[in-house]
Amino acid sequence: GAVVSQHPSRVICKSGTSVKIECRSLDFQATTMFWYRQFPKKSLMLMATSNEGSKATYEQGVEKDKFLINHASLTLSTLTVTSAHPEDSSFYICSAREAVASPLHFGNGTRLTVT
Amino acid sequence: QKEVEQNSGPLSVPEGAIASLNCTYSDRGSQSFFWYRQYSGKSPELIMFIYSNGDKEDGRFTAQLNKASQYVSLLIRDSQPSDSATYLCAAFLSGGYNKLIFGAGTRLAVHP
């Protein structure tokens, strides 16, 4: 159980375009999902907490107008990187949990390359 | 700044040996701790979680928690080359922050 599906796994886009990443909890409902970013050889950095039916909570230094998060249902959260630039190239990983303080389960990640 | 600290490694152990991975955390109120394994280019996968002081065993893995010392460890017995990966320690922040904070990870290399 506790499967999180993330799509796409890899995307290459041109500078200035927008990219949408989907995260789905397949066998449980997730009122909260989390979006992380990871640069090469670095740890996971929490970008934002996605709450079903309400606005996301962004971490300090993360631009909410650039990284749009929509948690439209109990099983789906999306992250849209708007007007992407090469410095946005990174590994984006979503995660979800079944209950408060229970372990996070991660999607397979999306490797974004902005040219 | 609430932090989780790990030695980056690499920690090199021979096949069949015990690998010992350590982690300290700064938030004294943290109650839940997790170990994840991450292979290069992949997302993290949960190995173990521990909430109470003491040891918790699951197969070849043993997690140890000492809240007084703010210290968490993971022991891997009978290490295999397939255990070679980066191991991430994580802690849920207390005080309603609702966040899981990760250490930088320790790279483990198990050589035949």
Side-chain angles (χ1 to χ4, degrees), chain A residues 1-10 21 23 28 30-52 54 56-62 71 89-113, chain B residues 1-10 21 23-25 27 29-52 56 58 61 63 65 72 74 85-107 109:
Chain A
V3 177
V4 177
S5 174
Q6 187 173 342
H7 178 81
S9 58
R10 186 180 297 269
I21 303 169
C23 179
F28 64 100
T31 55
T32 305
M33 292 184 177
F34 302 85
W35 288 95
Y36 287 84
R37 179 169 55 183
Q38 187 177 36
F39 292 104
K41 300 191 187 302
K42 299 294 185 183
S43 188
L44 281 78
M45 297 302 296
L46 180 63
M47 298 177 65
T49 302
S50 170
N51 304 299
E52 188 268 337
S54 65
T57 303
Y58 289 83
E59 294 301 299
Q60 190 173 6
V62 178
H71 197 146
S89 299
S90 187
F91 191 44
Y92 292 86
I93 318 173
C94 75
S95 63
R97 62 186 182 203
E98 297 177 75
V100 174
S102 62
L104 291 188
H105 298 277
F106 286 85
N108 287 333
T110 298
R111 188 161 303 282
L112 170 64
T113 302
Chain B
Q1 180 81 9
K2 309 289 187 181
E3 293 182 344
V4 175
E5 301 280 350
Q6 295 179 256
N7 286 326
S8 60
L21 304 161
C23 168
T24 59
Y25 59 94
D27 181 10
S30 288
Q31 299 294 320
S32 309
F33 305 89
F34 306 86
W35 282 99
Y36 287 83
R37 178 174 61 197
Q38 186 176 26
Y39 292 110
S40 181
K42 303 295 184 182
S43 67
E45 55 179 320
L46 181 67
I47 298 294
M48 290 194 70
F49 57 90
I50 187 167
Y51 301 153
S52 303
K56 179 181 179 182
D58 183 1
F61 300 97
L65 173 61
V72 192
L74 178 69
T86 296
Y87 288 80
L88 302 169
C89 174
F92 262 120
L93 295 185
S94 63
Y97 286 99
N98 196 34
K99 300 177 190 178
L100 187 65
I101 301 301
F102 285 84
T106 298
R107 191 158 59 89

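The chains referred to below are lettered A, B, ... by the order of the sequence lines, with proteins before strands, and numbering in each begins at 1.
- Across every non-hydrogen atom of B:A104 and A:S43, the tightest pair is CA-CB, 3.4 Å.
- Chain B forms more heavy-atom pairs under 4.5 Å with one residue of A:Q38, A:K42, A:K41, A:R111 than with any other, namely A:Q38.
- No other option in A:F91, A:F106, A:Y36 has as many heavy-atom pairs under 4.5 Å with chain B as A:F106.
- Of the atoms belonging to A:Q6, not a single heavy atom falls under 4.5 Å from chain B.
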Do A:L44 and B:Q38 pass the side-chain contact (heavy atoms from CB on, under 4.5 Å) test, and can you show the C-alpha distance, the side-chain angles, and the key distance before you say yes or no?
-> CA-CA 11 Å; A:L44 281 78; B:Q38 186 176 26; 4.0 Å; yes
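- In this structure, no portion of A:S9 lies under 4.5 Å from any heavy atom of chain B.
- Within 6.0 Å of CZ in B:R107 there are 12 or fewer heavy atoms belonging to other residues, nucleotides or ligands.
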Can you list, pair by pair, the side-chain donor-acceptor contacts under 3.5 Å of residues 40-48 of chain B, counting residues two or more places apart and other chains?
unit_1: B:S43; atom_1: OG; unit_2: A:G107; atom_2: O; d: 2.6
unit_1: B:E45; atom_1: OE2; unit_2: B:R37; atom_2: NE; d: 3.2
unit_1: B:E45; atom_1: OE2; unit_2: B:R37; atom_2: NH2; d: 3.4

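- With sequence neighbours left out, the ring pair (Phe, Tyr, Trp, His ring centres under 6.0 Å) criterion links B:Y51 to B:F49.
- Interface remark: B:F92 contributes side-chain atoms only to the contact with chain A (heavy atom separation under 4.5 Å).
- Note: A:L104 leads A:L104, A:N108, A:I93, A:T57 in heavy-atom pairs under 4.5 Å with chain B.
- The CG atom of B:L100 sits 8.5 Å away from atom CG of A:L46, with the distance rounded to the nearest 0.5 Å.
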